[in-house]
Amino acid sequence: MVMKMNEETCIEELLNGLNMGMIAIDHLMDKIEDVKLRDIVIHQRKHYGDLKEKVVDTYPHAEDEVKNKFMLESMIEMKTLLTDDAKIAKMLTEGSNQAIMTMTHLLNKEIQIDQTLKSYCDDFEDISKKYIEELKEFL
């Protein structure tokens, strides 16, 4: 499969967004007190992991590394020193919104994109939007 540069960028950004979401959730999980919120976050992480698996299986040569992982982890730890479930829900909502904006921007720049890749990007946006809605009650 020959990929265009923008498609490679979309795949890398999709994987980066999925990885960042999973890392954030992993770091926040033990700080969540509300059982319902924890269940929502667990399901969101599972959906991100399942989608990542599909992307990696479809595009095995794509670069799958987290950009600025240490910075992300440090920021999460710093922001959650004194936190509550509302702040955690806000952080997850902001991260999901950022992921949606990044994917939308990349897809809008690419005129002819592989339909499978577009479908995965749309899935990522849909998953993120679904969980933004579910997180609203905790803000």
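Since this is a predicted model, take the numbers as computed values, not measurements.
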Kindly give the heavy-atom pair with the smallest separation between Leu139 and Ala89, and that separation in Å. CD2-C, 3.6 Å
How far apart are the closest heavy atoms of Glu7 and Asp114, and which atoms are they? OE2-N, 2.7 Å
Please determine which of Ile113, Ile11, Thr9 meets the side-chain contact (heavy atoms from CB on, under 4.5 Å) test together with Leu106. Thr9
What residues form a salt bridge (Lys or Arg N to Asp or Glu O under 4.0 Å) with Glu125, not counting sequence neighbours? none
Is a side-chain donor or acceptor of Asn19 paired with a backbone partner of Leu15 at a separation under 3.5 angstrom? yes
Just jot down the side-chain contact (heavy atoms from CB on, under 4.5 Å) partners of Lys36, sequence neighbours excluded, or say none. Asp34, Ile40, Glu137, Phe138
Residues Glu133, Lys129: salt bridge by 4.0 Å N-O rule: no
Going by the angle between their ring planes, with limits at 30° and 60°, are Tyr120 and Tyr59 parallel, tilted or perpendicular? perpendicular
Do Thr93 and Tyr131 have a side chain donor and acceptor closer than 3.5 Å? no
Is the shortest side-chain N to carboxylate O distance from Lys118 to Asp122 below 4.0 Å? yes
Output all residues satisfying side-chain contact (heavy atoms from CB on, under 4.5 Å) with Arg38, sequence neighbours left out; order by chain, then residue number. Met29, Ile32, Val35, Ile42
Exam field: side chain His105 to backbone Met101, donor-acceptor pair closer than 3.5 Å: no
With the threshold set at 4.0 Å, does a side-chain nitrogen-carboxylate oxygen contact exist between Lys46 and Asp50? yes
